[in-house]
Amino acid sequence: MSDSLTIKAPAKINLSLDVTGRRENGYHDLRMIMQTIDLYDELTIRKTADPGIHFSMNKELPDRIPPEKNLVWKAAKLLQERCHITDGLDIYLEKNIPAAAGLAGGSSDCAATLLGVNELCELGLTLGELCDFGVSLGADVPFCLQKGTMLSEGIGEILTRLPDLSPLWALLIKPDISVSTGYVYTHLKLDEIKDRPDTEHLIDCIHRHDDASLARRLSNVLETVTIPEYPVLEELKQFLKDNGAIGSLMSGSGPTTYGLYQDEILARMALKKAQEKYPDYDIILCRTRLPEA
């Protein structure tokens with residue numbers, strides 16, 4: 001068995017996001033369809049003689065935030081303690097997914113750490129057991145462990161696999177702003193939401209591979225909070241539609257906004273226009289599929 005391995009941690013987008021209620025403990029009940037995309041971070045994990053955990057990445061951690069606050073470190077520490085791992089772990093994260101973007105980058109890094117440490121240290125944990133560990137670290141972690149196209153319910157821990165979505169082109173635009181997920185959920189007014197996702201219709205579209213109908217019905221109730229706070233997101237949605245997208249939506253709590261394309265040429269033309277119009281934004285063209293092995 002090798003003393004190191006490298007594993008990919010792909011991002012996700014929301015095809016829909018509905019909030020159906022709020023629990024007494026403050027958590028919200030969700031019903032959403034999530035889709036893995038082939039934009040990914042990459043983790044290299046090595047066993048070391050030092051019993052501790054050393055974590056580093058290609059981008060500087062924000063000031064005053066110690067490595068121990070990162071989900072990668074927390075996931076490694078959790079397995080080290082629960083599974084009595086005696087080896088030390090050195091983890092290097094090559095970060096490509098924009099942070100605080102609504103793309104589950106941190107959750108995916110966490111999931112990849114659980115998968116990687118399980119394999120490297122030969123723990124023999126099942127995917128279900130890893131999901132049980134993962135949900136204690138973040139609501140999106142179970143999805144990021146299983147990947148693909150899924151209906152997610154509860155706080156994100158109840159997952160139903162759907163047929164694979166067609167490998168559409170997705171143009172992501174993340175403006176130079178940060179959105180607090182906590183702020184968005186705190187200010188969400190459930191009783192005032194008029195337009196909710198037709199989740200059953202979207203699932204039917206996925207089963208029938210009706211990409212055009214799916215794209216027209218993309219829906220995210222969190223836009224009711226984030227877009228009034230950051231009107232540029234509505235502008236980005238319209239920009240994408242005006243430049244060939246068959247549908248556009250804000251992912252998660254934002255601020256990343258994406259457009260779906262069936263045609264590669266149109267997608268690449270839109271990419272060029274976006275780069276010219278929004279030179280200071282993160283702009284990424286990817287596909288709605290798992291990263292290639």
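Residue numbers start at 1 and run along the sequence shown.
A heavy-atom distance below 4.5 Å is not found between the side chains of Asn118 and Glu129. In this structure the side chain of Glu157 never reaches within 4.5 angstrom of the side chain of Cys131, judged on heavy atoms. Within the 4.5 Å cutoff, side-chain heavy atoms of Leu123 are placed close to those of Ile85. Contact of the Tyr281 side chain with the Val232 side chain is registered, since non-hydrogen atoms from C-beta on lie closer than 4.5 Å. Between Cys205 and Arg217, every side-chain heavy-atom pair lies at or beyond the 4.5 Å cut-off.
Counting only residues at least two apart or in different chains, ring pair (Phe, Tyr, Trp, His ring centres under 6.0 Å) contacts with residues 123-157 are absent.
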Requested in this report: Go through Ile227 and Lys237 one step at a time and tell me if the side chain to side chain contact (heavy atoms under 4.5 Å, CB included) criterion holds.
Outcome: CA-CA 10 Å; Ile227 288 179; Lys237 289 180 67 178; 4.2 Å; yes

Query raised in the report: Should Leu249 and Glu223 be marked as a side chain to side chain contact (heavy atoms under 4.5 Å, CB included) after you check the CA-CA gap, both sets of side-chain angles, and the distance that decides it?
Result: CA-CA 9 Å; Leu249 193 69; Glu223 288 185 342; 3.4 Å; yes

Query raised in the report: Going through the distances and angles, do Asp198 and Ser219 end up as a side chain to side chain contact (heavy atoms under 4.5 Å, CB included)?
Result: CA-CA 8 Å; Asp198 187 345; Ser219 180; over 6 Å; no

Report task. Applying side chain to side chain contact (heavy atoms under 4.5 Å, CB included), run through Ile206 and Ile33 and close with a yes or a no. Result -> CA-CA 10 Å; Ile206 292 170; Ile33 300 173; 4.0 Å; yes

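The distance from atom CG of Asp204 to atom OG of Ser213, rounded to the nearest 0.5 Å, is 9.0 Å. To the nearest 0.5 Å, the span separating CZ on Arg82 from CG on Asp132 amounts to 10.0 Å. Rounding to the nearest 0.5 Å gives a distance of 12.5 Å between CG of Asp195 and CG of Asn220. Taking NZ of Lys8 as the reference point, atom CG of Asp41 lies at 12.0 Å (rounded to 0.5 Å). Atoms CE and OG1, on Met32 and Thr20 in that order, are 10.5 Å from each other to the nearest 0.5 Å. Here Asp282 contributes atom CG and Asn96 contributes atom CG; the two are 11.0 Å apart, rounded to the nearest 0.5 Å.
Residues forming a side chain to side chain donor-acceptor pair (under 3.5 Å) with His54 (at least two apart in sequence, or on another chain): Asp90. With sequence neighbours excluded, the residues satisfying side chain to side chain donor-acceptor pair (under 3.5 Å) with Gln238 are Asp242. With sequence neighbours excluded, no residue forms a side-chain contact (heavy atoms from CB on, under 4.5 Å) with Pro51. Looking at residues two or more places apart in sequence or on another chain, you find a side-chain contact (heavy atoms from CB on, under 4.5 Å) between Lys74 and Leu71, Leu137. With sequence neighbours excluded, the residues that form a side chain to side chain donor-acceptor pair (under 3.5 Å) with Tyr278 are Glu235. For Asn243, the side-chain contact (heavy atoms from CB on, under 4.5 Å) test picks out Phe239, Tyr261, Ala270, Lys273, with sequence neighbours left out. In terms of the side-chain contact (heavy atoms from CB on, under 4.5 Å) criterion, residue partners of Thr113 (sequence neighbours excluded) are, by chain and number, Leu43, Val72, Ala75, Ala76, Ile91, Val117. Evaluation of the side chain to side chain donor-acceptor pair (under 3.5 Å) rule for Glu292 yields no partner, not counting sequence neighbours.
Cluster annotation: Val135 is not connected to Met150 through the hydrophobic network of ILVMFWY side chains, with a link wherever side-chain heavy atoms come within less than 4.5 Å. Tracing side-chain contacts under 4.5 Å through hydrophobic residues (I, L, V, M, F, W, Y), one never reaches Leu290 starting from Leu260; they form parts of separate clusters. When the side chains of ILVMFWY residues are joined at heavy-atom separations under 4.5 Å, either directly or via intervening members, Leu17 and Leu233 end up in a single hydrophobic cluster. A single hydrophobic cluster is seen to contain both Leu15 and Ile284, as judged by linkage of ILVMFWY side chains at heavy-atom distances under 4.5 Å, directly or through other members. Criterion: ILVMFWY side-chain heavy atoms under 4.5 Å apart, direct or through other members. Under it, Leu218 and Met250 are not part of a common hydrophobic cluster.
For Arg161, the CZ atom counts as densely surrounded, since its 6.0 Å shell holds more than 12 non-hydrogen atoms of other residues, nucleotides or ligands.
Within the 3.5 Å criterion, the main-chain N or O of Cys286 finds no donor-acceptor partner in the side chain of Asp38. The main-chain N or O of Ser253 is found under 3.5 Å from a side-chain atom of Thr226 such that the two form a donor-acceptor pair. Of the possible donor and acceptor atoms, none in the side chain of Glu234 sits under 3.5 Å from a partner among the backbone N and O of Pro231. Distance alone, capped at 3.5 Å, is enough to place a donor-acceptor pair between the Arg196 side chain and the Val19 backbone. Of the possible donor and acceptor atoms, none in the side chain of Ser248 sits under 3.5 Å from a partner among the backbone N and O of Gly259. Between the Ser251 side chain and the Leu103 main chain, no donor and acceptor come within less than 3.5 Å of each other. Remark: the backbone N or O of Asn14 is paired with a side-chain donor or acceptor of Tyr258 at under 3.5 angstrom.
Cluster partners of Met269, using a side-chain heavy-atom cutoff of under 4.5 Å among ILVMFWY residues and allowing indirect links, are Ile265.
The nearest pair of heavy atoms linking Ala104 to Lys12 is CB-CG, 3.4 Å. The shortest non-hydrogen separation linking Thr256 to Ala101 is OG1-O, 2.8 Å. Listed here is the closest heavy atom pair of Ala212 and Ile246: CA-CD1, 4.3 Å. For Leu89 against Thr48, the heavy-atom pair with the smallest separation is N-OG1, 3.7 Å. Nearest approach of Val225 to Pro228, heavy atoms of both residues: O-CD, 3.4 Å. Smallest separation of non-hydrogen atoms from Gly116 and Ile45: CA-CD1, 3.9 Å.
Put simply, the residue from Leu159, Leu202, Thr199 that forms a side chain to side chain contact (heavy atoms under 4.5 Å, CB included) with Leu151 is Thr199.
At a threshold of 4.0 Å, the pair Asp18-Arg31 does not count as salt-bridged, since none of the basic side-chain nitrogens sits closer than that to a carboxylate oxygen.
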I'd like a table of donor-acceptor pairs (distance under 3.5 Å, sequence neighbours excluded) in which one partner is a side-chain atom from residues 164-174, with atom names and distances.
unit_1: Ser166; atom_1: OG; unit_2: Asp211; atom_2: OD1; d: 3.1
unit_1: Ser166; atom_1: OG; unit_2: Asp211; atom_2: OD2; d: 3.0
unit_1: Lys174; atom_1: NZ; unit_2: Ile177; atom_2: O; d: 3.4

Side chains of residues 183-193: which donor-acceptor pairs under 3.5 Å do they make with residues two or more places apart or in other chains?
unit_1: Tyr183; atom_1: OH; unit_2: Glu229; atom_2: OE1; d: 3.2
unit_1: Thr186; atom_1: OG1; unit_2: Gly182; atom_2: O; d: 2.7
unit_1: His187; atom_1: ND1; unit_2: Tyr183; atom_2: O; d: 2.9

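Side-chain polar atoms of Thr6 and Thr44 form a donor-acceptor pair below 3.5 angstrom. With 3.5 Å as the limit, one finds no donor-acceptor pair spanning the side chains of Glu42 and Tyr40.
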